[in-house]
Protein chains: 2
Amino acid sequence: MKNNGPILLIGAGLAGSLLAVLLARQGFPVVVAERRGDPRAKGYVGGRSINLALSIRGITALKAAGIAEQVLHDALPMPGRIMHPKTLTDATGQGTVFQPYSQDPRDAIRSVSRGGLNVALLDAAEATPGVTLLFDHRCTHVDLDRAMATFETPQGRVELQGRVVIGADGAFSAVRQAMQFTDRFDYSQHYLEAGYKELHIPAPEDLPDLPQGVAERFEGYAMDPQGLHIWPRGGSMMIALPNPDRSFTCTLFWPFEGVHGFERVGALSDAGVRAFFDEHYPDTRWLMPTLEQDFRRNPTSSLVTVRCRPWRHGRALVLGDAAHAIVPFFGQGMNAAFEDCRILAEMIADAQGDIESVLDPFWRSRVEHANAIADMAIANFVEMREKVADQAFLYHKRVEQAIHAELGEEMPERATPLYNLVSFTNVPYAQALRRGKELDAAVARVVSLVPRDRAAQMDADAWRELVADHARRVLGGLPA
Amino acid sequence: MKNNGPILLIGAGLAGSLLAVLLARQGFPVVVAERRGDPRAKGYVGGRSINLALSIRGITALKAAGIAEQVLHDALPMPGRIMHPKTLTDATGQGTVFQPYSQDPRDAIRSVSRGGLNVALLDAAEATPGVTLLFDHRCTHVDLDRAMATFETPQGRVELQGRVVIGADGAFSAVRQAMQFTDRFDYSQHYLEAGYKELHIPAPEDLPDLPQGVAERFEGYAMDPQGLHIWPRGGSMMIALPNPDRSFTCTLFWPFEGVHGFERVGALSDAGVRAFFDEHYPDTRWLMPTLEQDFRRNPTSSLVTVRCRPWRHGRALVLGDAAHAIVPFFGQGMNAAFEDCRILAEMIADAQGDIESVLDPFWRSRVEHANAIADMAIANFVEMREKVADQAFLYHKRVEQAIHAELGEEMPERATPLYNLVSFTNVPYAQALRRGKELDAAVARVVSLVPRDRAAQMDADAWRELVADHARRVLGGLPA
């Protein structure tokens, strides 16, 4: 039995507006109801430029919607991590450590503006016949079985009925909340001990103290724009992603409590905050003229992981953050949500438009992958804030990348590292996790056979050959 | 800063009414607001007699409230499990297997009526000066910071302010729900694949087909009342607890899906249901004259585990099921809630009545124990439905009990099994879990040294001596 009516999408954020395009292109009428106002009319409310790392899963979905090219035009490729040690006391970039994500320089994650991307997706949705966008519609109630939703709007209460309701309404989803009061709905929300706060590195013209020659060296930026900058400090870290306006958006990921935590540092005077950064992030001295104000004014936000099952109840489905909000340390929240949208649209097309029939198969096939990337995202926090500053870890990564470079084509199933599988392939997340772990064990074995001190005494080519030779045996299940 | 006003307890169930007694006895004014009507006026709404297993933690708390003696008067001691194999085809009790919970026959869990216990606790609360009971007060909103709660009542909307609010309002707690929308509140609700349904074994006078002599043999019951009856069937099971009226309350714990599941069997005709029981629970043929109707009419309910943290926000606290609903397989839900009440009352007394100061220390000290018993309760489902029918498991248990009997006084810290620590001591749950696991490993070692086939060839006393000898060495860290 089908309801009549359009597909009713709750949420016109990144996932909602992309899904609207994908479904309307198949001929479905789609109504998208968004809690906030139209960001194109009012200016984006996210404050200063927030950026996201777009990788292959997101790009694949954007291609399916026909807007990848446009989005990639403004995106800044980041082919690796750029680590800033605590001992780094100048702003010239000397002494940072570049760690490529891949041996293939085309493998890069891409810094995109969240606001800009949302506007591009809304424009695309509006330009797609069959899509109706409704803003200032705050969903207050969902009748899951009848696919009816109630909204508060400036014009009063509005009820809409859909053929189905799809909640793409984020980590605090109203659709999921309705599901939470149904029997046998598994649900968890788990917060990290750490929170985040955004800071700002402006373009060089707003940095009077920046040493001569730095901007010239970095294509007009105050730091190298070709990378994701990390200041790993053990339990705490800072990262920075480049923006097209030659500024960087920085994010502190610190525990709320403790010596290097938001509560203690937040209680310091402005001079105390500055002194704290001088000590722990010394090379930012020239880069953050508005540090004290930014630190004081910008909110400290929490980091939540949400899991649930089932994702469907009656005629309602949740996807993206609404079904699986994850922490940002693998840069996969948006990418996972876009992959949800692409796969759902493909399954509907394969079912000749019988959308009701694919709701269950869809979430049942997706939930293990959502759980896998949720786990990987949490694990990557530890890697970013602690391990990337560790010599043994960096050597392990170097061996892994060498194996990938030498054997990736010969045995792609076995010799592709976890990060690459997640960021540069569409291999399902749970599979990527399993394969990544297997390779990791093999790398550990090769590291024990070709230890770091031995590598230091060897010619680079001979080392690569030796590593590849051992890896071929280990990965092939032969005695190494 | 203290609010004025009474302690406002939400929920007059088992935990709420007990806590009211314990706090009013310290001189606090206590208002208890309950969603339902007064069970003493209207008759208990739980339907047929539901019973619970009261063990030492619950008794300790009831003693603190001065009502243990009265409650124990009507309680039926169950010193062990009585297993009903699938091959058992008569109703005479021949062929059941008794597995004692302890070598000490005084160690018994006690079957009590939930309704009767609730009435006894409400009577005790009402008789305690300072307690006000309000029924038909459904909590619709809680202001956690101000300790204000709003209620719907037959007389309209009512607002109450307390010094603090304590939510003892069960697995679907309104107080916890208010907490769930605060930042950094970790929460999970997880359902088992299995649900439950209650059935009924009446007293012998209502069992026309019961074989002669059975009732006389079992003190006027249709089965031995001195035990917790289990029909272990792998993925499914049935249990039965005795009632003072000489009936038994039976509970099916079956998966919703699958061959031995509620959906499939529920779709059968009455004759089909009866035939299913004849096949899988053959000795119930004489015991369940109303099986078909009970199976049809009684609801199938789900089994949830709820965990959260923190248990305090502002001036509000949750405890008991509201903070940590668990599945019933260890018989500890009520006992854990009563232990919460006792410990909170003790901490308040130790703090000279400064209740605000103990809210955080209370939950921080309790949460690991709540998590431990939640895990143990889930694990015990597997033990009850599968392992208790397994010869190797039964031998392992026999060795464990022999070790406890021989060495329990000599090394109580090491030689007390998990079940005994949980049910017959007040040792904190997490500690019980750790010690139980350590003993379990030692038992496995002793079993390997004195295997089952060897035991079969030995005199019982010699076997006990040999087991004790090995166990003393293993537990003492000596080479066995």
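Letters A, B, ... are given to chains in the order of the sequence lines, protein chains preceding strands, and every chain is numbered from 1.
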- Query: Is the gap between the ring centers of B:F381 and B:W254 under 6.0 Å?
  - Reply: no
- Around atom CZ of B:R296, are there more than 12 heavy atoms of other residues, nucleotides or ligands at under 6.0 Å? yes
- Note on the structure: For B:H141, the ring-ring contact (aromatic ring centres under 6.0 Å, His included) test, sequence neighbours excluded, returns none
- Query: Side chain, backbone, both or neither: which part of A:F185 has a heavy atom under 4.5 Å from chain B?
  - Reply: both
- The interface call for A:Q180 against chain B, heavy-atom contacts under 4.5 Å, is both
- Find the one option among B:H190, B:E193, B:R184, B:Q177 whose heavy-atom pairs under 4.5 Å with chain A are most numerous. B:R184
- Message: To the closest 0.5 Å, what do you measure between OH (A:Y191) and OG (A:S302)?
- Response: 5.0 Å
